[in-house]
*Asks:* 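My structure is below; once you've seen it, I'll send some questions.
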Amino acid sequence: METKLTQWPEEPPASTRRLRLLAEAASEFWGLSVPELLEKKRTNRLVWPRSICMWLARDVGYTYQTIGDWWDRDHGTVWHAEQLVNDLREAKPSYEKQFRSFVLFYKNYTHRVEKK
């Protein structure tokens with residue numbers, strides 16, 4: 001039996017539902033479409049929301065690789081996004097305030113979606 005299962009990794013694939021919900025909530029919060037957030041463009045208007053989504057995904061336990069795969073980026077981009085959010089939150093109070101506002105918005109968004 002074991003020889004049949006060697007192609008399978010130790011862990012099953014992670015659900016990406018929460019990653020999709022983060023992107024949808026960011027889309028609504030910042031008035032952007034999900035396809036815009038997924039674009040390769042690196043404007044501040046897109047990088048900040050995308051980075052927060054990546055930061056929150058790491059906070060709930062997703063791996064750099066899983067997050068990167070979902071966003072069509074490499075794991076290094078996710079690491080840099082995490083650092084960017086930490087740096088901006090620490091250096092600029094308005095970014096910390098917006099970060100906290102989005103976290104609350106996201107929590108309400110997920111409750112609203114789950115009730116449907």
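The structure displayed is predicted, hence computed values, not measured ones. For the numbers below, each heavy atom of this structure counts, side chains included, while hydrogens, waters and symmetry mates do not.
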*Asks:* Between P93 and A91, what is the shortest heavy-atom contact and its length?
*Replies:* CD-O, 3.8 Å
*Asks:* So do the side chains of V85 and W48 get within less than 4.5 Å of each other, counting heavy atoms only?
*Replies:* yes
*Asks:* If you define the side chain from C-beta out and look only at heavy atoms, does anything of Y106 sit under 4.5 Å from I52?
*Replies:* no
*Asks:* Verify, without hydrogens or angle tests, whether R73 (side chain) and W71 (backbone) share a donor-acceptor contact under 3.5 angstrom.
*Replies:* yes
*Asks:* Can you name the nearest heavy-atom pair linking A57 to I67, along with the distance?
*Replies:* CB-CD1, 3.6 Å
*Asks:* Say you draw a straight line from NZ of K92 to CG of D87; how long is it, rounded to the nearest 0.5 Å?
*Replies:* 11.0 Å
*Asks:* Could you tell me the separation between the CZ atom of R112 and the CZ atom of F105, rounded to the nearest 0.5 Å?
*Replies:* 5.5 Å
*Asks:* Report yes or no: do W79 and V60 belong to one cluster of Ile/Leu/Val/Met/Phe/Trp/Tyr joined by side chain heavy-atom distances under 4.5 Å?
*Replies:* yes
*Asks:* What is the distance from atom NZ of K4 to atom OG1 of T6, rounded to the nearest 0.5 Å?
*Replies:* 11.5 Å
*Asks:* Under the 3.5 angstrom rule, does the side chain of T63 hit a backbone N or O of T66 as a donor-acceptor pair?
*Replies:* yes
*Asks:* Could you report the tightest heavy-atom contact between M54 and V78, atom names first, then the distance?
*Replies:* SD-CA, 3.9 Å
*Asks:* To the nearest 0.5 Å, what is the distance between CZ on F99 and CG on L104?
*Replies:* 10.5 Å
*Asks:* Main chain of D72, side chain of K40: is a donor-acceptor contact present, judged purely on distance under 3.5 Å?
*Replies:* yes
*Asks:* How about F29: does its CZ atom have over 12 heavy atoms from other parts shown lying under 6.0 Å from it?
*Replies:* yes
*Asks:* Taking the side chain as every heavy atom from C-beta outward, state whether E96 and R100 have any pair of such atoms under 4.5 Å apart.
*Replies:* yes
*Asks:* Does any part of the side chain of W30, heavy atoms only, come nearer than 4.5 Å to the side chain of R50, both counted from C-beta?
*Replies:* no
*Asks:* Got F102 and P49 here, is their nearest side-chain heavy-atom distance under 4.5 Å?
*Replies:* no
*Asks:* Does any part of the side chain of R89, heavy atoms only, come nearer than 4.5 Å to the side chain of W55, both counted from C-beta?
*Replies:* yes
*Asks:* List the atom of L46, the atom of L37, and the distance in Å for their closest heavy-atom pair.
*Replies:* O-CD2, 4.3 Å
*Asks:* Ring centroid separation for Y62 and W70, is it under 6.0 angstrom?
*Replies:* no
*Asks:* Could you go through N86 and E82, starting from their C-alpha distance and side-chain angles, then the distance that decides it, and tell me whether this counts as side-chain hydrogen bond (donor to acceptor under 3.5 Å, both in side chains)?
*Replies:* CA-CA 6 Å; N86 290 339; E82 190 176 36; 5.6 Å; no
*Asks:* Is there a side-chain contact between R20 and V34 in this structure, where contact means two heavy atoms from C-beta onward sitting under 4.5 Å apart?
*Replies:* no
*Asks:* Going through the distances and angles, do R18 and L56 end up as a side chain to side chain contact (heavy atoms under 4.5 Å, CB included)?
*Replies:* CA-CA 10 Å; R18 189 174 275 174; L56 290 170; over 6 Å; no
*Asks:* Counting only N and O atoms by type, is there a donor-acceptor contact under 3.5 Å from the side chain of S27 to the main-chain atoms of A23?
*Replies:* no
